[in-house]
Amino acid sequence: MICKMSTQTPEKVPLEQVGQQPPTNPLYPSVPQEAANPLLPQAAPVYPAAPMATGPPPPPGYMPVPIMTQPGMPMQPVLGQQQVTGWMPMPQGIPNCPPGLEYLTAVDQLLVHQEVELLEAFTGFETANKYTIKNTFGQKVYWAVEDTSCCNRMCCGPDRPFEIKILDNYQNEVLHLHRDLRCKSCCFPCCLQKLEVSAPPGNVIGTVVQKWSLCRPVFDIRDRNNETVLSIRGPVCQCSPCGDVKFAVFTKDGTEVGKVTKQWGGFVQEHFTDADNFGINFPMDLDVRVKATMLGALFLIDYMYFESSDKKKIRR
């Protein structure tokens, strides 16, 4: 007997349904649809904290710059590096220092930048001056603003009396500069320029007094007891076409210990605006009250010799 093997043709499945049917013997286990990223840990790994840098403590006024240590960890500071932008941190624990002058204990140089007023440059209308005071790292230390009336600015020009408020990062007035309406020519030796510096406002800590001189500007820096501690001597000619103008600072025995410099700001700024840039240098261990008085002398020099009304309006 011959047995016939029955051959059955398998049922044909449309191609559209092939991709929809799960495989009979899957090589890999199926992954639930609600599981998101099953091959990654559900929680972020925890890294150990990076050790803090060791070494000597930073000098007063230094702020650490943060750097990234490990993914997911906060940034750690490194000592000895300085943050370039923002405001300068206030040194702490300074005894016998007027409030707000702690910044001056940590600097031996300041840069003063006067803001350019477009209204003043194009129309010649005198506006109140504004200044930004920075340290050598570019951090803001103070912000100064002139407090005068419009009539005073337009009628008296650079010889006008003024009140200048110097504010810190918290908008507190830490210094106040007061200038009366006086003469500045050598022909009037009895009524020359004088500026009072107060910290806090109402408490005079020093004065800047112009001395009679035939050829060059001379100023005395006096303390709160009206005793001369420093003197400032300027050049015979206060105009420099393409360079800085230096006012040297001397002690009573004639030793040069600092300077006030009118910095060259470029052709456009120098010829079409009265916005000036200044730098001031003094010893690090100088009394903060004397430093503040020297800062007041910088503003007086600016108004007397560089606040020219001939540069107010751009000629068309």
Side-chain angles (χ1 to χ4, degrees), residues 57-62 82 87-113 131-144 164 166-169 173-178 194-201 203-211 217-234 244-263 277-302:
Y62 274 68
Q82 180 77 11
W87 285 81
M88 175 181 173
M90 176 186 292
Q92 302 295 330
I94 307 298
N96 193 24
C97 181
L101 299 189
E102 294 87 353
Y103 300 96
L104 299 180
T105 62
V107 296
D108 59 355
Q109 181 180 7
L110 291 174
L111 305 176
V112 181
H113 302 285
Y131 304 84
T132 302
I133 305 172
K134 300 180 180 180
N135 58 13
T136 54
F137 298 98
Q139 292 179 314
K140 297 179 182 178
V141 182
Y142 297 118
W143 187 66
I164 292 182
I166 300 181
L167 314 175
D168 63 1
N169 184 22
E173 184 179 0
V174 298
L175 280 172
H176 188 90
L177 310 181
H178 171 75
K194 181 180 179 181
L195 180 136
E196 292 183 348
V197 181
S198 302
N203 180 31
V204 178
I205 61 173
T207 55
V208 183
V209 179
Q210 181 187 9
K211 301 295 292 183
V218 179
F219 300 90
D220 280 349
I221 302 295
R222 300 181 181 179
D223 59 11
R224 52 186 171 180
N225 298 323
N226 203 28
E227 296 182 1
T228 301
V229 292
L230 297 173
S231 63
I232 301 178
R233 303 173 193 170
D244 299 341
V245 182
K246 174 185 174 182
F247 290 74
V249 180
F250 298 91
T251 59
K252 290 190 295 184
D253 59 359
T255 304
E256 183 176 349
V257 294
K259 60 183 177 179
V260 177
T261 307
K262 162 65 175 64
Q263 300 173 347
N277 298 329
F278 286 87
I280 181 173
N281 299 80
F282 34 65
M284 179 70 76
D285 57 351
L286 189 64
D287 187 273
V288 292
R289 298 170 180 83
V290 181
K291 290 183 179 181
T293 308
M294 288 184 60
L295 182 60
L298 182 149
F299 288 98
L300 180 61
I301 291 173
D302 179 28

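The two residues Thr293 and Ile205 make their nearest non-hydrogen contact at OG1-O, 4.2 Å. Nearest heavy atoms, Leu111 versus Gln109: CD2-NE2, 3.8 Å. Gly296 approaches Val197 most closely through the heavy-atom pair CA-CG2, 4.3 Å. Closest non-hydrogen pair, Asn281 versus Met294, comes out as O-CE, 3.8 Å. Counting all heavy atoms, side chain and backbone alike, Val288 lies closest to Leu104 at O-CD1, 3.9 Å. Here the shortest heavy-atom pairing between Ala144 and Ile133 reads CB-CD1, 4.5 Å.
For the atom pair Trp87 CH2 and Gln139 CD, the distance stands at 11.0 Å (nearest 0.5 Å). Note that the CG atom of Leu295 and the CD1 atom of Ile280 stand 6.0 Å from one another [nearest 0.5 Å]. Remark: Lys252 NZ to Asp220 CG distance equals 10.5 Å, nearest 0.5 Å. Here the CE-NZ distance, from Met284 to Lys291, works out to 6.0 Å after rounding to the nearest 0.5 Å. Here the CG-CZ distance, from Leu110 to Phe278, works out to 13.5 Å after rounding to the nearest 0.5 Å. Separating the CG atom in Leu195 from the CD1 atom in Ile301 is a distance of 10.5 Å, to the nearest 0.5 Å.
The aromatic ring centroids of Tyr131 and Phe299 lie less than 6.0 Å from each other.
Shown here is Asn96, whose CG atom has no more than 12 heavy atoms of other residues, nucleotides or ligands within 6.0 Å.
Residues forming a side chain to side chain contact (heavy atoms under 4.5 Å, CB included) with Asp168 (at least two apart in sequence, or on another chain): Tyr103, Tyr142, Tyr170, Asn172, Val174. In terms of the side chain to side chain donor-acceptor pair (under 3.5 Å) criterion, residue partners of His176 (sequence neighbours excluded) are, by chain and number, Glu163, Glu173. Asn225 pairs by the side chain to side chain contact (heavy atoms under 4.5 Å, CB included) definition with Asp223, Glu227, not counting sequence neighbours. Scored by the side chain to side chain contact (heavy atoms under 4.5 Å, CB included) test, Val204 finds Glu196, Ser198, Thr207 as partners (sequence neighbours excluded). For Asp108, the side chain to side chain donor-acceptor pair (under 3.5 Å) test picks out no residue, with sequence neighbours left out. For Lys211, there are no side chain to side chain donor-acceptor pair (under 3.5 Å) partners, not counting sequence neighbours.
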(request) Evaluate the criterion side chain to side chain contact (heavy atoms under 4.5 Å, CB included) for residue pair Val218 and Ile232; output intermediate values, then yes/no. (result) CA-CA 6 Å; Val218 179; Ile232 301 178; over 6 Å; no
(request) Just do the side chain to side chain contact (heavy atoms under 4.5 Å, CB included) check on Thr251 and Leu230 with the steps written out, would you? (result) CA-CA 5 Å; Thr251 59; Leu230 297 173; 3.9 Å; yes
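For the pair Leu175/Leu101, a side-chain contact is recorded, criterion being any heavy-atom separation below 4.5 Å from C-beta on. Considering only heavy atoms from C-beta on, Asn169 stays 4.5 Å or farther from Lys140 through its side chain.
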